[in-house]
Protein chains: 2
Amino acid sequence: MVQSKTDLFDEELKTQAAWFKVLAHPARLKILQYLSEANSCITGDLSEELPLGRTTVNQHIKELKEAGLIQGHIEGVRTKYCLNPKKITEVKAIIEQFLTSLNVGDYECKS
Amino acid sequence: MVQSKTDLFDEELKTQAAWFKVLAHPARLKILQYLSEANSCITGDLSEELPLGRTTVNQHIKELKEAGLIQGHIEGVRTKYCLNPKKITEVKAIIEQFLTSLNVGDYECKS
DNA sequence: TTATTTTGACGTATATTTGCGTCAAAATAA
DNA sequence: TTATTTTGACGCAAATATACGTCAAAATAA
(Lines give C-alpha, C1' and ligand atoms only; values in the text may rest on other atoms or scores of the structure.)
Protein backbone atom coordinates (compact mmCIF):
# COMPACT_ATOMS: atom_id res chain seq x y z
CA MET A 1 0.00 0.00 0.00
CA VAL A 2 1.17 3.49 -0.75
CA GLN A 3 -0.09 6.35 1.30
CA SER A 4 1.18 9.84 1.32
CA LYS A 5 3.74 10.08 4.07
CA THR A 6 4.54 13.70 3.63
CA ASP A 7 2.65 14.42 6.86
CA LEU A 8 5.39 12.81 8.83
CA PHE A 9 7.87 15.61 8.25
CA ASP A 10 8.42 18.88 10.14
CA GLU A 11 5.81 21.51 9.49
CA GLU A 12 8.50 23.81 8.17
CA LEU A 13 9.87 21.35 5.65
CA LYS A 14 6.37 20.54 4.47
CA THR A 15 5.60 24.19 3.88
CA GLN A 16 8.82 24.79 2.03
CA ALA A 17 8.41 21.71 -0.15
CA ALA A 18 4.80 22.66 -0.89
CA TRP A 19 5.85 26.06 -2.19
CA PHE A 20 8.57 24.56 -4.34
CA LYS A 21 5.87 22.29 -5.73
CA VAL A 22 3.60 25.18 -6.64
CA LEU A 23 6.47 26.62 -8.67
CA ALA A 24 7.47 23.31 -10.23
CA HIS A 25 5.81 23.82 -13.61
CA PRO A 26 6.91 26.17 -16.38
CA ALA A 27 3.32 27.18 -17.16
CA ARG A 28 2.84 28.48 -13.63
CA LEU A 29 6.15 30.32 -13.68
CA LYS A 30 5.23 31.85 -17.02
CA ILE A 31 1.84 33.00 -15.76
CA LEU A 32 3.44 34.64 -12.74
CA GLN A 33 6.07 36.34 -14.85
CA TYR A 34 3.52 37.53 -17.35
CA LEU A 35 1.40 39.10 -14.64
CA SER A 36 4.48 40.61 -13.09
CA GLU A 37 5.65 42.15 -16.35
CA ALA A 38 2.22 43.57 -17.03
CA ASN A 39 2.58 45.25 -13.67
CA SER A 40 -1.19 45.41 -13.21
CA CYS A 41 -4.34 43.38 -13.46
CA ILE A 42 -4.82 41.60 -16.75
CA THR A 43 -7.93 40.52 -18.49
CA GLY A 44 -8.42 38.18 -21.42
CA ASP A 45 -7.33 34.76 -22.42
CA LEU A 46 -3.99 34.05 -20.82
CA SER A 47 -3.70 30.83 -22.79
CA GLU A 48 -2.67 32.80 -25.85
CA GLU A 49 0.60 33.49 -24.12
CA LEU A 50 1.40 29.85 -23.44
CA PRO A 51 1.67 26.73 -25.59
CA LEU A 52 -1.27 25.05 -23.86
CA GLY A 53 -5.02 24.88 -24.27
CA ARG A 54 -7.36 27.25 -22.46
CA THR A 55 -8.69 24.65 -20.04
CA THR A 56 -5.23 23.57 -19.06
CA VAL A 57 -4.05 27.11 -18.48
CA ASN A 58 -7.15 27.77 -16.41
CA GLN A 59 -6.28 24.81 -14.26
CA HIS A 60 -2.83 26.19 -13.57
CA ILE A 61 -4.39 29.57 -12.81
CA LYS A 62 -6.70 27.84 -10.37
CA GLU A 63 -3.75 26.25 -8.61
CA LEU A 64 -2.00 29.57 -8.31
CA LYS A 65 -5.20 31.12 -6.99
CA GLU A 66 -5.65 28.37 -4.42
CA ALA A 67 -2.07 28.88 -3.36
CA GLY A 68 -2.90 32.56 -2.94
CA LEU A 69 -0.27 33.83 -5.34
CA ILE A 70 -2.78 35.41 -7.69
CA GLN A 71 -6.22 36.96 -7.32
CA GLY A 72 -9.07 37.28 -9.77
CA HIS A 73 -12.07 39.51 -9.77
CA ILE A 74 -14.95 39.54 -12.16
CA GLU A 75 -15.60 42.52 -14.36
CA GLY A 76 -18.62 41.94 -16.53
CA VAL A 77 -18.05 38.88 -18.69
CA ARG A 78 -14.37 39.01 -18.04
CA THR A 79 -12.11 38.17 -15.16
CA LYS A 80 -9.17 40.29 -14.17
CA TYR A 81 -6.12 38.48 -12.86
CA CYS A 82 -3.61 40.05 -10.52
CA LEU A 83 -0.59 39.00 -8.59
CA ASN A 84 -0.94 39.08 -4.83
CA PRO A 85 2.19 41.05 -3.95
CA LYS A 86 1.90 40.32 -0.25
CA LYS A 87 1.81 36.57 -0.75
CA ILE A 88 4.59 36.68 -3.31
CA THR A 89 6.82 38.48 -0.86
CA GLU A 90 5.91 35.96 1.82
CA VAL A 91 6.78 33.01 -0.40
CA LYS A 92 10.04 34.58 -1.47
CA ALA A 93 10.98 34.78 2.19
CA ILE A 94 10.10 31.15 2.83
CA ILE A 95 12.19 29.99 -0.08
CA GLU A 96 15.08 32.23 0.92
CA GLN A 97 14.87 30.69 4.35
CA PHE A 98 15.49 27.23 2.98
CA LEU A 99 18.22 28.31 0.60
CA THR A 100 20.00 30.05 3.43
CA SER A 101 19.78 26.99 5.64
CA LEU A 102 21.79 25.19 2.99
CA ASN A 103 24.99 26.75 4.08
CA VAL A 104 27.89 25.47 1.96
CA GLY A 105 30.38 28.26 2.50
CA ASP A 106 32.99 26.04 4.09
CA TYR A 107 31.71 22.62 3.19
CA GLU A 108 34.26 19.86 3.58
CA CYS A 109 34.04 17.40 0.78
CA LYS A 110 37.05 15.20 0.37
CA SER A 111 36.24 12.79 -2.41
CA MET B 1 -3.97 11.95 -25.71
CA VAL B 2 -1.77 13.61 -23.17
CA GLN B 3 1.83 14.23 -23.99
CA SER B 4 4.25 16.25 -22.01
CA LYS B 5 4.18 19.75 -23.40
CA THR B 6 6.80 21.14 -21.11
CA ASP B 7 9.22 21.19 -24.04
CA LEU B 8 7.31 24.03 -25.57
CA PHE B 9 8.44 26.59 -23.01
CA ASP B 10 11.57 28.75 -22.92
CA GLU B 11 14.71 26.92 -21.98
CA GLU B 12 15.11 29.22 -18.99
CA LEU B 13 11.64 28.58 -17.60
CA LYS B 14 12.07 24.85 -18.07
CA THR B 15 15.33 24.91 -16.14
CA GLN B 16 13.88 26.96 -13.32
CA ALA B 17 10.77 24.78 -13.04
CA ALA B 18 12.90 21.63 -13.11
CA TRP B 19 14.94 22.84 -10.14
CA PHE B 20 11.85 23.75 -8.20
CA LYS B 21 10.63 20.22 -8.88
CA VAL B 22 13.80 18.66 -7.51
CA LEU B 23 13.17 20.54 -4.27
CA ALA B 24 9.44 19.80 -4.18
CA HIS B 25 9.54 16.99 -1.62
CA PRO B 26 10.21 17.26 2.10
CA ALA B 27 12.36 14.12 2.09
CA ARG B 28 14.75 15.67 -0.40
CA LEU B 29 14.90 18.95 1.51
CA LYS B 30 15.57 17.03 4.70
CA ILE B 31 18.39 15.03 3.12
CA LEU B 32 20.02 18.21 1.85
CA GLN B 33 19.69 19.91 5.21
CA TYR B 34 21.02 16.90 7.05
CA LEU B 35 24.11 16.76 4.85
CA SER B 36 24.54 20.49 5.20
CA GLU B 37 24.34 20.39 8.98
CA ALA B 38 26.79 17.52 9.14
CA ASN B 39 29.11 19.82 7.21
CA SER B 40 31.00 16.87 5.77
CA CYS B 41 30.56 13.55 4.07
CA ILE B 42 28.26 11.16 5.80
CA THR B 43 28.11 7.44 5.84
CA GLY B 44 25.46 5.04 7.01
CA ASP B 45 21.77 4.62 6.62
CA LEU B 46 20.22 8.02 6.00
CA SER B 47 16.75 6.53 6.26
CA GLU B 48 17.07 6.47 10.04
CA GLU B 49 16.76 10.25 9.93
CA LEU B 50 13.53 10.28 7.94
CA PRO B 51 10.10 8.70 8.38
CA LEU B 52 10.46 6.57 5.26
CA GLY B 53 11.82 3.16 4.37
CA ARG B 54 15.37 2.65 3.20
CA THR B 55 14.49 1.95 -0.42
CA THR B 56 12.39 5.06 -0.64
CA VAL B 57 15.07 7.24 0.86
CA ASN B 58 17.60 5.74 -1.53
CA GLN B 59 15.37 6.70 -4.41
CA HIS B 60 15.28 10.30 -3.25
CA ILE B 61 19.06 10.22 -2.83
CA LYS B 62 19.33 8.90 -6.35
CA GLU B 63 17.26 11.80 -7.65
CA LEU B 64 19.42 14.30 -5.84
CA LYS B 65 22.51 12.58 -7.21
CA GLU B 66 21.17 12.66 -10.75
CA ALA B 67 20.39 16.32 -10.31
CA GLY B 68 24.00 16.77 -9.25
CA LEU B 69 23.21 18.23 -5.83
CA ILE B 70 24.91 15.43 -3.93
CA GLN B 71 27.79 13.12 -4.60
CA GLY B 72 28.55 9.65 -3.31
CA HIS B 73 31.75 7.70 -3.24
CA ILE B 74 32.23 4.15 -2.13
CA GLU B 75 34.38 3.36 0.86
CA GLY B 76 34.52 -0.36 1.45
CA VAL B 77 31.02 -1.66 1.99
CA ARG B 78 29.71 1.79 2.70
CA THR B 79 28.95 4.83 0.63
CA LYS B 80 29.81 8.32 1.72
CA TYR B 81 27.37 11.02 0.74
CA CYS B 82 28.32 14.66 0.28
CA LEU B 83 26.72 17.81 -0.87
CA ASN B 84 28.12 19.26 -4.07
CA PRO B 85 28.71 22.85 -2.94
CA LYS B 86 29.36 24.10 -6.44
CA LYS B 87 26.05 22.81 -7.77
CA ILE B 88 24.15 24.03 -4.74
CA THR B 89 25.50 27.52 -5.28
CA GLU B 90 24.57 27.31 -8.94
CA VAL B 91 20.99 26.26 -8.16
CA LYS B 92 20.61 28.96 -5.55
CA ALA B 93 21.51 31.48 -8.23
CA ILE B 94 18.98 30.05 -10.70
CA ILE B 95 16.20 30.21 -8.14
CA GLU B 96 17.19 33.71 -7.08
CA GLN B 97 17.02 34.69 -10.72
CA PHE B 98 13.39 33.68 -10.95
CA LEU B 99 12.40 35.19 -7.63
CA THR B 100 14.01 38.45 -8.66
CA SER B 101 12.17 38.46 -11.98
CA LEU B 102 8.96 38.49 -9.95
CA ASN B 103 9.28 42.12 -9.14
CA VAL B 104 6.29 43.29 -7.09
CA GLY B 105 7.75 46.34 -5.48
CA ASP B 106 5.28 48.72 -7.05
CA TYR B 107 2.62 46.33 -8.24
CA GLU B 108 -0.69 47.95 -9.03
CA CYS B 109 -3.56 45.84 -7.87
CA LYS B 110 -6.85 47.62 -7.56
CA SER B 111 -9.36 45.01 -6.58
C1' DT C 1 -35.97 37.91 -26.55
C1' DT C 2 -32.09 35.20 -28.61
C1' DA C 3 -27.19 34.85 -29.85
C1' DT C 4 -22.42 35.34 -28.45
C1' DT C 5 -18.45 35.67 -25.41
C1' DT C 6 -15.95 34.37 -21.45
C1' DT C 7 -15.04 31.58 -17.84
C1' DG C 8 -15.42 27.83 -14.25
C1' DA C 9 -16.88 23.02 -13.13
C1' DC C 10 -16.66 18.36 -14.23
C1' DG C 11 -15.03 14.20 -16.17
C1' DT C 12 -11.48 11.39 -18.55
C1' DA C 13 -7.16 9.57 -20.30
C1' DT C 14 -2.36 9.43 -19.93
C1' DA C 15 2.03 10.42 -17.49
C1' DT C 16 4.69 10.90 -13.57
C1' DT C 17 5.78 10.49 -8.67
C1' DT C 18 5.88 8.08 -4.39
C1' DG C 19 6.68 4.30 -1.42
C1' DC C 20 8.28 -0.06 -0.86
C1' DG C 21 9.34 -5.20 -1.41
C1' DT C 22 12.62 -8.26 -3.33
C1' DC C 23 16.75 -9.61 -5.26
C1' DA C 24 21.66 -9.44 -6.43
C1' DA C 25 26.33 -7.56 -6.30
C1' DA C 26 30.38 -6.15 -3.64
C1' DA C 27 33.08 -5.72 0.33
C1' DT C 28 34.11 -7.28 4.69
C1' DA C 29 33.97 -10.65 8.83
C1' DA C 30 34.22 -15.18 10.70
C1' DT D 1 35.37 -20.82 2.17
C1' DT D 2 30.79 -19.16 3.96
C1' DA D 3 28.05 -15.70 6.41
C1' DT D 4 26.90 -10.87 7.02
C1' DT D 5 26.40 -5.96 5.93
C1' DT D 6 25.42 -2.35 2.83
C1' DT D 7 23.79 -0.63 -1.18
C1' DG D 8 21.85 -0.26 -5.98
C1' DA D 9 18.70 -2.17 -9.58
C1' DC D 10 14.27 -3.62 -10.77
C1' DG D 11 9.49 -3.80 -10.63
C1' DC D 12 4.84 -3.14 -8.72
C1' DA D 13 0.72 -0.58 -6.87
C1' DA D 14 -1.35 3.55 -5.36
C1' DA D 15 -1.52 8.48 -5.55
C1' DT D 16 -0.97 12.85 -8.08
C1' DA D 17 -0.27 15.78 -11.81
C1' DT D 18 -1.07 17.12 -16.74
C1' DA D 19 -3.72 18.15 -20.59
C1' DC D 20 -7.92 18.70 -22.57
C1' DG D 21 -12.95 18.02 -24.21
C1' DT D 22 -17.52 19.18 -23.05
C1' DC D 23 -21.00 21.47 -20.80
C1' DA D 24 -23.33 25.19 -18.26
C1' DA D 25 -23.68 29.69 -16.04
C1' DA D 26 -23.36 34.70 -16.35
C1' DA D 27 -22.88 38.91 -18.63
C1' DT D 28 -23.20 41.36 -22.68
C1' DA D 29 -24.61 42.27 -27.70
C1' DA D 30 -27.92 42.16 -31.34
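Just the heavy atoms: all of them, side chains too, but no hydrogens, waters or symmetry mates, feed the values below. Below, chain A is the first sequence line, B the second, and so on; all start at residue 1.
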- Task: Output yes when a side-chain donor or acceptor of A:Thr15 lies under 3.5 Å from a complementary backbone atom of A:Glu11, and no otherwise.
- Result: yes

Side chain proximity check, A:Asp45 to A:Val57, heavy atoms < 4.5 angstrom: no

Write down the protein N/O and nucleotide N/O pairs, taken from nucleotides 21-29 of chain C, whose separation is under 3.5 Å; answer none if there are no such pairs.
{"from": "C:dG21", "atom 1": "N7", "to": "B:Thr55", "atom 2": "OG1", "distance (Å)": "3.3"}

Tell me whether the side-chain N/O atoms of B:Lys21 come closer than 4.0 Å to OP1 or OP2 in C:dT16. no

When A:Arg28 and B:Arg78 are each assigned the nearest nucleotide of DNA chain D, the 5'-most assignment goes to B:Arg78

- Message: Looking at C:dG8, I'd like to know if its phosphate oxygens (OP1 or OP2) sit under 4.0 Å from a side-chain N or O belonging to A:Asn58.
- Response: yes

Practice prompt. Tell me whether the OP1 or OP2 atom of D:dA17 has a side-chain N or O from A:His60 closer than 4.0 Å.
Written response: no

- Query: Within less than 4.0 Å of OP1 or OP2 of D:dC20, is there a side-chain N or O belonging to A:Thr56?
  - Reply: yes

Which word best sums up how the rings of B:Phe20 and A:Phe20 line up, parallel for under 30°, tilted for 30 to 60°, or perpendicular for over 60°? tilted

Base-paired stretches in DNA chain D with three or more consecutive Watson-Crick or G-U pairs, both distances under 3.5 Å, amount to C:1-30 with D:1-30

| request: State whether the side chain of A:Lys30 and the backbone N or O of B:Leu13 hold a donor-acceptor pair below 3.5 Å, judged by distance alone. | output: no

Where the side chain of A:Tyr107 meets the backbone of B:Leu83, is there a donor-acceptor pair that is under 3.5 Å apart? yes

| task | Look at the side-chain N and O atoms of A:His25 and state whether any lies under 4.0 Å from the OP1 or OP2 oxygen of D:dA19. | result | yes

note: A:Glu66, atom CD; D:dA17, atom C1'; distance rounded to Å ~ 13 Å

Between B:Lys62 and D:dT7, is there a contact of a side-chain N or O with OP1 or OP2 at under 4.0 Å? no

Give a yes or no on whether a salt bridge exists between B:Lys87 and B:Glu90, defined as a side-chain N under 4.0 angstrom from a carboxylate O.
-> yes

Shortest non-hydrogen pair, B:His60 vs B:Ile31, comes out as CB-CD1, 4.0 Å

Taking distance alone, no hydrogens or angles, what donor-acceptor pairs closer than 3.5 Å link side-chain atoms of residues 61-69 of chain B to residues at least two apart or in another chain?
{"from": "B:Glu63", "atom 1": "OE1", "to": "B:Arg28", "atom 2": "NH1", "distance (Å)": "3.4"}
{"from": "B:Glu63", "atom 1": "OE2", "to": "B:Arg28", "atom 2": "NH1", "distance (Å)": "3.3"}

Kindly say if B:Tyr81 contacts the phosphate of D:dT6, meaning a side-chain N or O under 4.0 Å from OP1 or OP2.
-> no

